[in-house]
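Beneath this line is the structure, given in structure tokens, with notes to follow.
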Amino acid sequence: MLESFERIERSFYEREPLRVTEELLGKYIVRETPNGKLVGKIVETEAYIGPYDKGSHAYNNKRTKRTEIQYGERGFAYIFAIYGKNVCFCVVIGRKYVPAVALIRAVEPVSGIELMKKNRETEDIKNLTNGPSKFCQAFGITKNDYGTDLCTSQNLYLVKGEAIKSSEIARSKRINIDYAEEWKDKEWRFYIKNNEFVSRF
DNA sequence: CGACCGATCCTC
DNA sequence: AGGATCGGTCGT
């Protein structure tokens, strides 16, 4: 299935942010753990483009300890805590000093499903990875993974997958950013049509 | 150091 | 539809 298992190189991320966000669909995220390997196919993403996007943590170039990684090179992991126990996983896709990230909102479980069930404490496959924090929980992603270089890490990385036809891709407004004023209506969310692991239909 | 609040999830 | 839950951030 993953014969090629070719890691995504940095040049993939070094392109126009919305295009990268869309083309992450169909790629695979791999997590190596002492208890086994977890693999998921990315089925839903969102773009956050800091300098002018009021939905972004780095809006107006806000630079704090949390957002610092967004100001570095592309292909690194931006992970943030939200609502207590939860974290979300993003990939830095803005060129140096220009904060921008692609949020991975949902993946389709591919392998390591038993371990995902254990991590999520549920047997319901549909409920393992169909949300940004659910997927992180299933994959054991924590704040410790903040700043990981996805192009060189042995524990957490992205690999090439099937190209998704544009006719199979849907686009919409982003989720849960009502505070973002005029930017909340930007259609910067991408997902694979009719995929049952997308967070919301 | 206290207060506010969220790129969510879960249960009702 | 509403509560849980706590780290990041900022103001005092």
Side-chain angles (χ1 to χ4, degrees), chain A residues 13 17-18 20-22 24-25 27 29 40 42-72 74 76-94 98-109 116-148 150 156 158 170-192 195-201:
Chain A
Y13 305 108
L18 285 177
V20 174
T21 303
E22 178 172 354
L24 279 170
L25 296 176
K27 302 295 187 292
I29 180 164
I42 296 170
V43 300
E44 180 181 355
T45 59
E46 283 179 355
Y48 290 83
I49 303 182
Y52 47 83
D53 175 9
K54 290 182 180 173
S56 169
H57 295 154
Y59 170 60
N60 202 21
N61 293 310
K62 185 162 83 171
R63 193 162 179 166
T64 66
K65 186 171 184 181
R66 178 174 67 156
T67 61
E68 184 61 27
I69 197 71
Q70 294 199 31
Y71 292 82
R74 289 168 277 201
F76 286 72
Y78 171 57
I79 293 164
F80 61 93
I82 187 70
Y83 290 106
K85 305 185 158 296
N86 305 317
V87 299
C88 296
F89 171 89
C90 307
V91 184
V92 175
I93 57 171
V98 182
V101 298
L103 168 68
I104 308 303
R105 282 195 56 88
V107 309
E108 176 178 326
M116 293 184 202
K117 287 179 177 175
K118 192 174 173 187
N119 289 342
R120 287 274 298 137
E121 297 184 327
T122 178
E123 291 295 312
D124 181 6
I125 292 183
K126 304 275 183 55
N127 195 31
L128 288 178
T129 57
N130 61 336
S133 298
K134 294 182 186 180
F135 132 71
C136 285
Q137 191 179 357
F139 277 62
I141 293 172
T142 70
K143 276 178 43 193
N144 291 335
D145 298 300
Y146 180 96
T148 297
L150 303 169
L156 184 60
L158 302 185
R171 190 171 174 162
S172 80
K173 297 175 184 178
R174 294 172 293 175
I175 307 279
N176 277 350
I177 53 160
D178 289 344
Y179 54 84
E181 300 177 17
E182 69 271 29
W183 298 94
K184 72 176 164 50
D185 294 325
K186 293 287 180 187
E187 296 202 323
W188 288 355
R189 172 177 180 243
F190 301 89
Y191 59 95
I192 298 178
N195 184 288
E196 54 192 344
F197 297 95
V198 167
S199 65
R200 301 185 191 183
F201 285 96

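Hydrogens, waters and symmetry mates are skipped; everything else that's a heavy atom, side chains included, is used. The sequence lines fix the lettering, A, B, ..., with proteins before strands; numbering per chain opens at 1.
- Contact annotation: A/H57 side-chain N/O to C/dG8 OP1/OP2 distance is not under 4.0 Å.
- Backbone-only engagement by A/G131 is indicated by non-hydrogen atom pairs under 4.0 Å involving sugar-phosphate atoms exclusively.
- Backbone-only contact: A/K62 has heavy atoms under 4.0 Å from sugar-phosphate atoms and none from a base.
- Among the protein residues, A/I177 comes within range of the sugar-phosphate backbone only, with heavy atoms under 4.0 Å from sugar or phosphate atoms but none that close to a base.
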Watson-Crick and G-U pairing of DNA chain C, under 3.5 Å, as dot-bracket with | and [ ]: ||||.||||||.
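- Per the geometry, NZ belonging to A/K184 stands 15 Å off C1' belonging to B/dA7, to the nearest Å.
- A 4.5 Å side-chain heavy-atom check between A/D145 and A/F139 finds every atom pair outside the cut-off.
- To the nearest angstrom, C1' of C/dG7 lies 15 Å from CD1 of A/I79.
- Aromatic pair A/Y52/A/W183: ring centres closer than 6.0 Å.
- Between A/K143 and the phosphate of C/dG8, there is a side-chain N or O to OP1/OP2 separation shorter than 4.0 Å.
- Using a distance-only test at 3.5 Å, with no hydrogens or angles considered, a donor-acceptor pair links the side chain of A/S133 to the main chain of A/V87.
- Stacking between A/F80 and the base of B/dA7 is absent under the criterion of ring centres within 5.5 Å and planes under 30 degrees.
- Checking the phosphate oxygens (OP1, OP2) of B/dA7, no side-chain nitrogen or oxygen of A/R105 falls inside 4.0 Å.
- Side-chain atoms of A/K134 lie closest to B/dC10 of the nucleotides B/dA7, C/dT9, B/dC10.
- Proximity of A/R120 to the phosphate of B/dC10: a side-chain N or O atom is located under 4.0 Å from OP1 or OP2.
- Closest approach to the A/Q70 side chain among C/dG7, B/dG6, B/dA7 is made by B/dA7 (side chain taken as heavy atoms from C-beta onward).
- Distances shown here put a side-chain N or O of A/Y179 below 4.0 Å from the OP1 or OP2 atom of B/dA7.
- A donor-acceptor pair under 3.5 Å is absent between the side-chain atoms of A/R120 and the main chain of A/Q137, judged by distance alone.
- Between A/A58 and A/Q70, the shortest heavy-atom contact is CB-OE1, 3.7 Å.
- Contact annotation: A/N176 side-chain N/O to B/dT8 OP1/OP2 distance is under 4.0 Å.
- Here the side chain of A/R171 pairs a donor or acceptor atom with the backbone of A/E187 at under 3.5 angstrom.
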